[in-house]
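Working notes, beginning with the structure itself.
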Protein chains: 2
Amino acid sequence: MKRKPRHSKQRYEARAAIAKALAHPTRLIILEALDGQEMCVCDLTDLVGADQSTVSKHLAVLKQAGMVEDRKEGVMAYYRVKVCCLQGFWECIETVLAENLKAHQAMLK
Amino acid sequence: MKRKPRHSKQRYEARAAIAKALAHPTRLIILEALDGQEMCVCDLTDLVGADQSTVSKHLAVLKQAGMVEDRKEGVMAYYRVKVCCLQGFWECIETVLAENLKAHQAMLK
DNA sequence: TGGCTCTATGGCAATTATAGCATATATTGA
DNA sequence: TCAATATATGCTATAATTGCCATAGAGCCA
């Protein structure tokens, strides 16, 4: 059966942009750390062990994608998760990883 | 509160690799088209309107990530979705997009 | 005011991703 | 066998991503 894309090119690009924001290990660490709490850039920098400017840029990517929002308090910037559906992401990704592992092990036999 | 990453670096890289496979509009079109049915490369090529080799490479990316699997029948290759949790992905992404749109509209006022 | 801290940004180099062309491989059928 | 079709793979040019350094801006406090 042949098909046409159901949505516009722009729609798929917007969707891909969201997925792209999730497509970096450091940003996944950040999102997980922000699960249920806010943290400042300095603590996130300690957490991921990269340069502060690098962390700041990752946070900008997440913010641009609408995944997090920030709050300024004095000189500090506190970030928190803005979306509620990340749990489903993690579960799905873990499912895929488990499947891949299983398939890989089966292939070794 | 300070935190340490809950998982290993490799774990986050593996997760990011899955997300990365979803981070391209063409691959999203393909996955959506393969929702509930298998399709050959030729029809997918028509669908996305790119070079056949480009589509083949996108399919290789999705296959490598474990999102799709293929079946060879004669000279044809039929691909189908291998994971069951994509619906949650689409819904979450649409939720984020809707939130972003709302926030953007609010900002224009 | 001046120094200190925290965060964001500009710039650059290195790496990675992407697209299409050309081509290789494999299957089918005349 | 030969031609035609479907798919996969090198290859190259281009674009995007990433990390860190240097630095700018802003708040805080002596």
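All values below were derived from every heavy atom in this structure, side-chain atoms included, with hydrogens, water molecules and symmetry-related copies excluded. Sequence lines set the chain letters: A, B, ... in the order given, protein chains first and strands last, and positions in each chain run from 1.
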Rounding to an integer number of Å, can you tell me how far [X] [atom1] sits from [N] [atom2]?
X: Met39(B); N: dT7(D); atom1: CE; atom2: C1'; answer: 15 Å
X: Arg71(B); N: dT27(C); atom1: CZ; atom2: C1'; answer: 15 Å
X: Leu59(A); N: dT9(C); atom1: CG; atom2: P; answer: 11 Å
X: Glu73(B); N: dT27(C); atom1: CD; atom2: C1'; answer: 12 Å
X: Asp43(B); N: dA6(D); atom1: CG; atom2: C1'; answer: 11 Å
X: Met76(B); N: dA4(D); atom1: CE; atom2: P; answer: 19 Å
X: Asp70(B); N: dA8(D); atom1: CG; atom2: P; answer: 7 Å
X: Glu38(A); N: dC6(C); atom1: CD; atom2: P; answer: 17 Å

Got a salt bridge between [X] and [Y], using NZ or NE/NH1/NH2 to carboxylate O under 4.0 Å?
X: Glu13(B); Y: Lys20(B); result: no
X: Lys82(A); Y: Glu99(B); result: no
X: Glu32(A); Y: Arg15(B); result: yes
X: Lys63(A); Y: Glu69(A); result: no

Query raised in the report: Does Val75(A) or Ala60(B) map to a spot on DNA chain D nearer the 5' end, using the closest nucleotide for each?
Result: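 Counting from the 5' end, the first nearest nucleotide belongs to Ala60(B).
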
Query raised in the report: Hey, are the side chains of Met76(A) and Cys42(A) touching, using non-hydrogen atoms and a 4.5 Å cut-off?
Result: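 Met76(A) reaches Cys42(A) side chain to side chain.
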
Report task. With heavy atoms under 4.0 Å as the rule, sort Tyr79(A) into base, sugar-phosphate or nothing. Result ->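 Result for Tyr79(A) = sugar-phosphate.
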
**Report entry** Which residues share a side-chain contact (heavy atoms from CB on, under 4.5 Å) with Glu73(A), sequence neighbours left out
**Finding:**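 Arg71(A), Tyr78(A).
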
I'd like a list of close polar pairs between nucleotides 16-19 of chain D and the protein, N/O only, cut-off under 3.5 Å.
from    : atom 1 : to       : atom 2 : distance (Å)
dT18(D) : OP1    : Arg27(A) : NH2    : 3.4
dT18(D) : OP2    : Arg27(A) : NH1    : 3.3
dT18(D) : O3'    : His24(A) : NE2    : 3.3
dG19(D) : OP1    : His24(A) : NE2    : 3.3
dG19(D) : OP2    : His58(A) : NE2    : 2.5

Report task. Give a yes or no on whether the backbone of Gln52(B) and the side-chain of Ser56(B) come within a donor-acceptor separation of less than 3.5 Å. Result ->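 Checking the backbone N and O of Gln52(B) against the side chain of Ser56(B), no donor-acceptor pair under 3.5 Å is found.
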
Query raised in the report: Any donor-acceptor pair under 3.5 Å joining the side chain of Gln52(B) to the base of dA8(D)?
Result: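 Per atom types, the contact qualifies.
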
